[in-house]
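What you see is a predicted model, and the numbers here were worked out from it, not measured in a lab. Quick note on labels: first sequence line is chain A, next is B, and so on, each numbered from 1.
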There are 2 protein chains.
Amino acid sequence: MSGGTLLEAEIAAQPAVVEALLREQRPAFREAAQRARGAGVQWALIAARGSSDNVARYAQHVLGRFCGLPVGLATPSLCTLYGAPPRLERTLVLGISQSGQSPDVCAVLEDAREQGQPTVAITNDPASPLAAAAQTTIHVCAGAERSVAATKTYTASLAAVAALAAELCDGEELRRGLAAVPAAMAEQAGAGCGGAAELLEGIDRCAVTGRGPNYATAFEAALKIKELTALAAEPYSPADLMHGPVAVLGRSSPLVAFALAGPALASVLDAVGQARARDARCLLVSDAAPEPGEGVRVVPVVRVPEWLSPLVAILPAQALAAELARARGLEVDTPFGLQKVTRTV
Amino acid sequence: MSGGTLLEAEIAAQPAVVEALLREQRPAFREAAQRARGAGVQWALIAARGSSDNVARYAQHVLGRFCGLPVGLATPSLCTLYGAPPRLERTLVLGISQSGQSPDVCAVLEDAREQGQPTVAITNDPASPLAAAAQTTIHVCAGAERSVAATKTYTASLAAVAALAAELCDGEELRRGLAAVPAAMAEQAGAGCGGAAELLEGIDRCAVTGRGPNYATAFEAALKIKELTALAAEPYSPADLMHGPVAVLGRSSPLVAFALAGPALASVLDAVGQARARDARCLLVSDAAPEPGEGVRVVPVVRVPEWLSPLVAILPAQALAAELARARGLEVDTPFGLQKVTRTV
């Protein structure tokens, strides 16, 4: 990957950021987990927007799978516009926002705290309103993120969620797995996207799919592609793709599939088969060594335990989005006049 | 609207279907509400795919707003692939599926029932596996739906959720409002999409936005457009649109906005303003009589209480999708070889 942009520097910084987060924030993970256990939480509720909403999708998987918690994504408008915040009992409430500035996310945390629920902010600014609203703040330690498209704050927030899940279920094996991730990320980051951008050149739309923990990866990859290249990139679980949107795949509408080894792999490969039957080209981001074959290109991913693979598998997708933007002659650091901090209510 | 297709007959049938549902299923609404109250539910969890997932988005709003229940959307893969269903306590679990056949939706209900939670199926087939899995079945009374794109089962399922919310909070005013909806739908259905399809002719993508109860409408309208026309139609709340995807709006990428009178209207109109600033044409589906103006076209909607507006506002969007498909020479009843019943795990 050629470089020189803020975005590419921030993509390259991710392994070190995740390492710093894991080293420095363990007291915060522990405090959050203690408060949650002390409150006897049976549910989690998450308020987030944009890339942070994709972190929330990851949290749905890991908090459900390892901690047995059903996880809801908050509908902030019930707090901010309708004056009808749901009643919360035994609920761990997380607010995720790199800037910590969005009033709607803060409102959900403030309301939850008034209702006596344990509240946690995951943010890159410990002096932000979101941090002030929460009882416990996990600082994602990413340093200033100056490119509009979030990269290092996304993976650092994923790592914060993974670490919180490990503390909540007191999982030593989970912690050990997580500790090995920065090295795998560093190895992956060096490979860029392996020239895969050529698969998407000349098209104006694509679908992106992933499942299990990589449902989040599909959404985040699609968002990066949209933000940086203005391509119409639509994310789906393989199951949702089959319930209708598979209709839009075809010769000029390829599929990007996160095909990581684990229980979700077969359904992702099924979707790839359906896409090939419609003559759509497929790009597989995979640690499972699938056959490339006619119309199928594979970007290899460094293998880590499946639940942690979103931290590694997003890296080639970020590089892909940046390379596509460059190929299209677009400005990658401030695409399309977007603002870094978005204050929605 | 010209006709003769199954789809158009099913679109036209919606007011009568909703009327039949409200007349015939009140015992089921009451039974479901009694079981939920008896179990002291504090949360709701919903399993659904495709159009039914958009019904779930509507349920998040109305069950939160009127019944104080936080609502989570289930991640079925935790049940079907990971063997790790979350622990449920005091949780009302809804499965929504017109066919009632999807194994992943059934698995969530079966697991919830084993965990002793109250379970409700909302389905068009009371003999389906989903109905067998649930304690209470609400039959949406839509008759056979033969067009692949769901229309009458979507609005009937919305009405079932609205009626369930009214019973859960014993809201006589809510029930009265709902009883008046079929007449408003009949008036609306006669107007088709008012020729608005021309705004989307010749483009290959658009964004769709709505908030509050019409967040669901934005997702369902986008799904209909995708299923029937293969246009890339991307749904967002206005807040999510501002956090990045606004980048893709422009001269060849218009915005369809559900601008219904109520607390969410201002933020929808803000998004319209941002879209206009990027030179994107805007189609407003609205009961709030906004000015059409340069680049803005308005499809008028019959006014009902805001929480019920999704039942009326989706009708012009369904007609729009059908008209666009016809203009593009596409088959509307079985588009792109999609199957009516999709069995995902």
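In terms of heavy-atom pairs under 4.5 Å with chain B, the best-connected choice from A/Leu231, A/Leu249, A/Val246 is A/Leu231. When each of A/Arg65, A/Glu227, A/Gln60 is scored by its heavy-atom pairs under 4.5 Å with chain B, the top score falls to A/Arg65. Interface remark: of the candidates B/Ser77, B/Pro85, B/Pro76, B/Ser77 forms the most heavy-atom pairs closer than 4.5 Å to chain A. With respect to chain A, the highest number of heavy-atom pairs below 4.5 Å among B/Gly250, B/Gly68, B/Gly64, B/Gly50 belongs to B/Gly68. Interface summary for chain B: among A/Gly72, A/Ser102, A/Gly212, A/Ser267, the most heavy-atom pairs under 4.5 angstrom belong to A/Gly212. Among the candidates B/Gly262, B/Ala239, B/Ser51, B/Ala74, the residue making the largest number of heavy-atom pairs closer than 4.5 Å to chain A is B/Ala239. In terms of heavy-atom pairs under 4.5 Å with chain A, the best-connected choice from B/Thr91, B/Leu63, B/Thr80, B/Asp270 is B/Thr91.
Atom CZ of B/Arg87 is surrounded by 12 or fewer heavy atoms from other residues, nucleotides or ligands within 6.0 Å. By the 6.0 Å contact criterion, CZ on B/Arg251 is open, its count of non-hydrogen atoms from other residues, nucleotides or ligands being 12 or less.
In plain terms, the two heavy atoms of B/Tyr236 and A/Lys226 that are nearest each other are OH-NZ, 2.6 Å. Across A/Tyr82 and B/Ala264, no two heavy atoms sit closer than the pair OH-CB, 3.5 Å. Minimum heavy-atom separation, B/Ala232 to A/Ala232: CB-CB, 3.9 Å. Counting all heavy atoms, side chain and backbone alike, B/Pro70 lies closest to A/Pro86 at N-CB, 3.5 Å.
At a 4.5 Å heavy-atom cutoff, the contact between A/Ala233 and chain B is made by backbone atoms alone. With a threshold of 4.5 angstrom between heavy atoms, A/Ser237 approaches chain B through side-chain atoms but not through N, CA, C or O. The parts of B/Pro213 that come within reach of chain A are both its backbone and its side chain, each placing non-hydrogen atoms under 4.5 angstrom from that chain. Looking at A/Leu69, the atoms closer than 4.5 Å to chain B (heavy atoms on both sides) all sit in the backbone: N, CA, C or O. Proximity to chain B is absent for every atom of A/Gln274, based on heavy atoms less than 4.5 angstrom apart. Only the backbone of A/Ala44 comes within contact range of chain B, judged by heavy atoms closer than 4.5 Å.
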Criterion side chain to side chain contact (heavy atoms under 4.5 Å, CB included) on A/His61 and B/Thr75, from CA distance to verdict: CA-CA 7 Å; A/His61 179 83; B/Thr75 47; over 6 Å; no
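Separating the CG atom in A/Leu78 from the CZ atom in B/Phe66 is a distance of 9.5 Å, to the nearest 0.5 Å.
A donor-acceptor pair under 3.5 Å is absent between the side-chain atoms of B/Arg205 and the main chain of A/Arg205, judged by distance alone. A donor-acceptor pair is defined here as one N or O able to donate and one able to accept, closer than 3.5 Å; no such pair exists between the side chain of A/Gln42 and the backbone of B/Arg90.
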